[in-house]
Amino acid sequence: MLRVRLGLLVAGSLLVALAAFAVVVDASFVRQQRAQLDALVVRELRRVETLVQRSELGATFLGEEADLVLQFVDAEGTVQLPVDAGQVLPLRTGPDLVRRDGGSEWLVASGPWRLPSGLEAGTIRLGLSFEPVLAARRTLWRAMATAGAALAVAATVFALALLQRALEPLQRLVRDADAIDPSRPELVAGLRSAEREDEVGRLARALERAMQAIRDRQQAERDALAEVAHELAAPLSVVAGRLRAVEVRDPSAEIRSAREAADELLHTSRDLLTLARGELERPMDLEAVDLADLVRGVASEMPPARVVASGETELLGSPERLRQAVRNLLRNAFQAGGDPREVRAELKAQGAEIVLEVLDRGVGLTAGDEERIFERHVSGRTGGSGLGLAVARAVVDAHDGSLRAERRAGGGTRFVARFPTLEARLETEPVVPEPEASGSPRGAEPW
């Protein structure tokens with residue numbers, strides 16, 4: 001997720017910056033403390049040297065500073081004063097860090113031990129414990145770590161909130177792009193985002209240009225396809241009509257095959273014209289239709305197909321479009337390769353739905369093809385256009401129904417179309433108020 005990744009990137013960058021800042025602060029702190037302690041050791045050592053040379057009565061060798069150790073060491077390296085000095089401090093000309101007393105660090109400096117007579121008796125060695133500085137340093141690190149962790153958490157939450165707000169237009173654009181209908185490419189959020197002058201706005205405008213180019217290309221292809229389909233439909237209608245007339249006089253197998261081929265081409269051209277014109281996407285003129293009567297009428301135009309109906313089968317729809325869908329389903333069943341006498345259509349009322357089943361005993365479906373066969377230009381037989389089932393599903397969907405395919409036990413396919421009943425549609429359809437000045441009679445259907 002982009003927001004989380006960017007938030008983690010900001011938080012990581014902040015932690016690196018905090019770590020670098022802590023290192024710089026620590027180095028500055030240690031350097032400043034060391035300089036102050038060096039100056040303290042040197043100052044105290046010079047003061048002790050001066051006091052020893054002058055041998056002032058009642059002089060205090062060390063000031064009030066704690067953790068200071070003063071030793072008078074003779075030329076042989078033996079501590080003369082104080083008597084209970086313990087471990088001798090090492091000889092260092094300038095302030096230097098050494099370890100003593102079990103590993104503790106001390107800042108040590110040495111100077112000459114001169115008696116008032118001017119005789120050099122040894123060295124004066126002064127040590128200052130460095131542990132308070134280290135303790136202060138550890139306290140500083142803990143404070144910086146605590147403050148850094150709190151700051152990192154707060155900055156991460158703040159960065160995620162800012163990123164969420166900054167990326168919201170991009171997220172809307174992504175959601176809109178995911179919802180694009182390939183048949184009608186259009187961006188909704190992109191129209192709002194296109195007014196921005198940042199990267200999101202440029203992306204939205206680029207997507208809008210791409211969508212417009214796709215729409216223009218689709219419209220050009222539809223226009224060309226519609227023109228071809230229209231040019232084919234007229235002569236095919238003439239050919240199919242003449243072949244029917246010839247078949248009445250000569251009902252031979254050759255004439256019947258020619259007439260069926262002409263009918264097939266005619267119906268395919270009509271499907272092609274319907275898709276090319278985008279007629280399935282336009283509002284339909286709806287009226288009350290008895291689906292059982294419509295199916296019987298379509299079946300009578302084809303080889304014998306049994307139609308079994310039970311219950312109320314009236315629905316609200318377009319007779320022309322429903323006839324096209326039923327014809328395509330029956331044509332597909334007869335072309336499935338099985339016994340034509342096994343093709344049948346069953347209708348029944350189920351609650352608020354009318355169920356139409358078209359069954360055959362053909363070659364059946366391959367596993368996984370239950371949805372694929374409804375795609376355009378996908379056909380299970382050689383020479384098929386792959387348009388009939390796509391049109392049938394589009395028609396059923398336009399009537400607020402559903403269409404699916406199932407494999408039948410023992411071979412064959414079952415197509416199940418479900419439509420809302422007339423009563424169910426009337427309950428959900430909005431009521432259109434009748435205009436006051438309309439010339440239509442009162443009580444006329446609003447459709």
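At least one donor-acceptor pair under 3.5 Å links the side chain of Ser300 to the backbone N or O of Gly297. When atom types are taken as modelled, the side chain of Arg361 and the backbone of Gly411 share a donor-acceptor pair closer than 3.5 angstrom.
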Worksheet item: Given Arg404 and Glu406, is the salt bridge (Lys or Arg N to Asp or Glu O under 4.0 Å) satisfied, shown in steps?
Response: CA-CA 7 Å; Arg404 73 176 191 275; Glu406 302 173 351; 2.5 Å; yes
Practice prompt. Let me see the working for Val69 and Leu126 under side-chain contact (heavy atoms from CB on, under 4.5 Å), right down to the final yes or no.
Written response: CA-CA 6 Å; Val69 174; Leu126 183 66; over 6 Å; no
Practice prompt. Mind running side-chain contact (heavy atoms from CB on, under 4.5 Å) on Glu357 and Arg418 for me, showing each step along the way?
Written response: CA-CA 9 Å; Glu357 295 186 2; Arg418 295 179 177 272; over 6 Å; no
Practice prompt. Would you sort out whether Gln324 and Arg321 count as a side chain to side chain donor-acceptor pair (under 3.5 Å), showing the intermediate values?
Written response: CA-CA 5 Å; Gln324 186 177 19; Arg321 292 286 167 256; 3.3 Å; yes
Item to complete: Please assess Glu353 against Lys348 for the test salt bridge (Lys or Arg N to Asp or Glu O under 4.0 Å), listing each intermediate value before the final yes or no.
Response: CA-CA 9 Å; Glu353 290 184 328; Lys348 57 186 175 182; over 6 Å; no
Item to complete: Evaluate side-chain contact (heavy atoms from CB on, under 4.5 Å) for Arg408 paired with Leu359, printing each intermediate quantity in order.
Response: CA-CA 9 Å; Arg408 296 181 65 190; Leu359 305 97; 3.4 Å; yes
Discussion item. I'd like to know whether Trp141 forms a side-chain contact (heavy atoms from CB on, under 4.5 Å) with Thr146, so could you lay out the CA-CA distance, the side-chain angles of the two residues, the decisive distance to 0.1 Å, and finally the verdict.
Written reply: CA-CA 8 Å; Trp141 269 105; Thr146 303; over 6 Å; no
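Val108 approaches Pro90 most closely through the heavy-atom pair CG1-O, 3.4 Å. Considering all non-hydrogen atoms of both residues, Leu107 and Pro95 come closest at CD1-C, 4.1 Å. Nearest heavy atoms, Leu403 versus Val396: N-CG1, 4.1 Å. Smallest separation of non-hydrogen atoms from Gly317 and Val289: O-CG2, 3.8 Å. Residue Ser318 comes nearest to Leu286 through the heavy atom pair N-CD2, 4.1 Å, listed as atom of the first residue, atom of the second, then distance. The two residues Arg425 and His399 come nearest to each other via the heavy atoms NH1-O, 3.3 Å.
At most 12 non-hydrogen atoms from other residues, nucleotides or ligands lie less than 6.0 angstrom from CZ of Arg341. Annotation for Glu423: atom CD does not count as buried by contact number, only 12 or fewer foreign heavy atoms lying within 6.0 Å.
The line from CD of Glu287 to CG of Leu422 is 11.5 Å long, rounded to the nearest 0.5 Å. One finds the CH2 atom of Trp106 at 12.0 Å from the CG atom of Leu97 (value rounded to the nearest 0.5 Å). Taking OG1 from Thr413 and CG from Leu365, the interatomic distance works out to 4.0 Å, rounded to the nearest 0.5 Å. Taking CZ from Phe419 and CG from Leu315, the interatomic distance works out to 6.5 Å, rounded to the nearest 0.5 Å. To the nearest 0.5 Å, atoms CG (Leu389) and CD (Glu375) are separated by 11.5 Å. The CG atom of Leu356 sits 6.5 Å away from atom CG of Leu329, with the distance rounded to the nearest 0.5 Å.
Contact annotation: the side chain of Glu370 approaches that of Arg407 to within less than 4.5 Å [non-hydrogen atoms, C-beta and beyond].
The side-chain contact (heavy atoms from CB on, under 4.5 Å) test applied to Arg306 returns Arg344, not counting sequence neighbours.
When Thr421, Val355, Leu347 are each tested for a side chain to side chain contact (heavy atoms under 4.5 Å, CB included) with Leu291, only one passes: Leu347.
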